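Structure, as structure tokens:
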Amino acid sequence: MPAIKCENLTKIYGSRAALDGLTLEVPERSIFGFLGPNGAGKTTTIRLLMGMSRPSAGRAWVGGREVVPDAPDMRRRTGYLPDVPNFYNWMTAAEFMQFVGELHQMPPAENRVRAAELLDLVGLSGEKKRIGGYSRGMKQRLGLAQALQNKPDVLFLDEPCSALDPMGRRDVLNLILHLRQTTTVFMSTHILSDVERVCDSLAIVDKGRLLATSSVEELRSRYVRSAFEIELDAAPDALAVSLQGQPWVVTAEKTEFSNRVSGLRVLASDVDEAQRSLPRLIAEAGLGLARLELTMPSLEDIFVKLVSGEKSP
Amino acid sequence: MNGFAVFLRKELREQFKTSRIVIVAAVFLFFGFCTPLLIKYMPEILELAGPSGMTIEMLPPTSGQALAEYAGTMSQVGVLVAVLMAMGAVAREVESGTAVLVLSKPVGRLAFIIAKLTAGSFNFMVAVALGGLACFGYTFILFGDAAAMGFLWQNLLLWLFLVFCMSVTLFFSSLMKNSLAAGGLAVGVIILLSAVSVLPWVGRVLPGTLISWGNRLAMGIPGQSEWWAVTGALGLSALCVWLTWVTLRRKEL
């Protein structure tokens, strides 16, 4: 059973679709990255999945229960960090954590211990000042701690690293990694390196529409361009001519690499055939090989291609 | 009502931590002390303030006048304080994002609303009690007598009227995005209902009648009991709470 499931989830504001027919499944105990540029519909999706907003169409299930407004049973097993967490400024972090535990009806002793553990984990233990005096980063860390207070089965994190400095980001990502065995994490972000670092699978959305969903590796292999970069010791004209006649060559472009070495960028339809044939063709052309590399696209390349409307080969 | 006790504890703590309870009590205490003094010495004040040679004939002020004047003042000042207190109760929490954070827990939105109204009502109960005690005590010292039972009833009716005003404001606070707009609409509706209160039949069930009934009780003037106005105030308050709940349930947080 998937931890999160959406079927044709749609949210329309006026004439604009903030989310347009989202259908996806998130497996249990996985870290799922929900990737998209600003305004893509990430926050809308999380709010719909938390039952804080009503869908215009479609349905969603979290932890096997259908998402409806005012669903205490579902919320008992979920945690939520909003994109910009705000708190009661007159409370201290410890008071707020206590309050959250009480809202979850946790036994007082367990509530106290759990709150102390989590505040320690996010580096806010012993912080006596009121939340009103906190920086954005401190509020973000407190937001993450409060989302974990009830040991949720499913955790929704809306841009969890957006306000953090590099050290804070590293700590939060490590914390998310530690949750993998016990919790399903649904994490929206536009920081691609965070997704590459912690997520098992991801979905890419733009303008409310799902563009792709798979594991990070699957996505890479699906969008791999099979592009070879060849650095040579002389002008590549002879090799370029011989490549034109090869059936597995899609394109062969002369290029100059960053070290001013001339060479070719070859796009192949059959990677195995290209790997076998290229060294031979280079030797037949009488050229010396300096470098031959099959380039893999980064998640950033794929993301940019998808949101700019390019299709996979 | 999942979470009512937790929300109520939080709201009550907030009243103290933000000094709201002290401020509201201070307003009621100020008028509680000033009103009997003002009524007692009004003839002398007018004589000193008026042009020389002019004589103003006034009946000697009574303790009943002092108590009624206090209730009259507090029914206006109290409304403003009630509106100021409640106008941001929901709107501000929705706008700042604290509502989305706490309502994502296993709690009900009705509990969230009723806790706010209960804490506000408690705040006003303390303020009305302190202001009333100050006014009654000072009236007794200055005038030598005061009708305790009538004044007690007057204060209870005043408190009920203020609870009604808070309920109306809470509803507009859930309806509007902006606290000021919520406050403005609440004041408008309360004034409108007070104006309609002068109409026969309809007026008798409206909360505005509570103030005039309270004044009669404080001054010892015989007249008809206005239990329909009590029922009306309770019914309209409950209606406002229900409307607030319906609005908040439909609200995109």
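No experiment lies behind these values; they were computed from the predicted model shown. What's counted below: heavy atoms across the whole structure, side chains too, no hydrogens, waters or symmetry copies. Naming convention: chains lettered A, B, ... in sequence-line order (proteins, then strands); numbering from 1 in each chain.
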Heavy-atom pair count under 4.5 Å with chain B, highest-scoring of A:Tyr88, A:Phe87, A:Phe156: A:Tyr88
Residue, of A:Arg77, A:Gln105, A:Lys11, that accumulates the most heavy atom pairs under 4.5 Å with chain B: A:Lys11
Between [X] (side chain) and [Y] (backbone), is there a donor-acceptor pair under 3.5 Å?
X: A:Arg75; Y: B:Leu103; answer: yes
X: A:Arg130; Y: A:Asn89; answer: no
X: A:His104; Y: A:Val100; answer: no
X: A:Gln98; Y: A:Asn111; answer: no
X: A:Arg141; Y: A:Val122; answer: yes
X: A:Thr10; Y: A:Gly58; answer: no
X: A:Gln140; Y: A:Pro85; answer: no
X: A:Asp120; Y: A:Ala116; answer: no
X: A:Asn150; Y: A:Arg76; answer: yes

Donor-acceptor side-chain pairing of B:Asn178 and B:Glu95 below 3.5 angstrom: no
Close approach to chain A in residues 111-131 of chain B, criterion heavy atom under 4.5 Å: B:Phe112
Residues from residues 13-28 of chain A approaching chain B under 4.5 Å (heavy atoms): A:Tyr13
Residue part contacting chain B, namely of [X], when any heavy atom lies under 4.5 Å:
X: A:Arg47; answer: side chain
X: A:Met50; answer: side chain
X: A:Met74; answer: neither
X: A:Glu95; answer: side chain

Of all of [options], which one pairs up most often with chain A through heavy atoms under 4.5 Å apart?
options: B:Arg249, B:Arg9, B:Glu14; result: B:Glu14
options: B:Leu110, B:Val102, B:Thr18; result: B:Val102
options: B:Ser104, B:Ala5, B:Ala99, B:Gly108; result: B:Ser104
options: B:Ser96, B:Gly97, B:Gly3; result: B:Ser96

Non-hydrogen side-chain atoms of A:Cys161 and A:Thr189 separated by less than 4.5 Å: no
Closest non-hydrogen atom pair between B:Ala82 and B:Cys165, with its separation: CB-CB, 4.2 Å
Check ion pair B:Lys251-B:Glu93 (N to O, under 4.0 angstrom): no
Over 12 foreign heavy atoms within 6.0 Å of CZ, A:Arg209: no
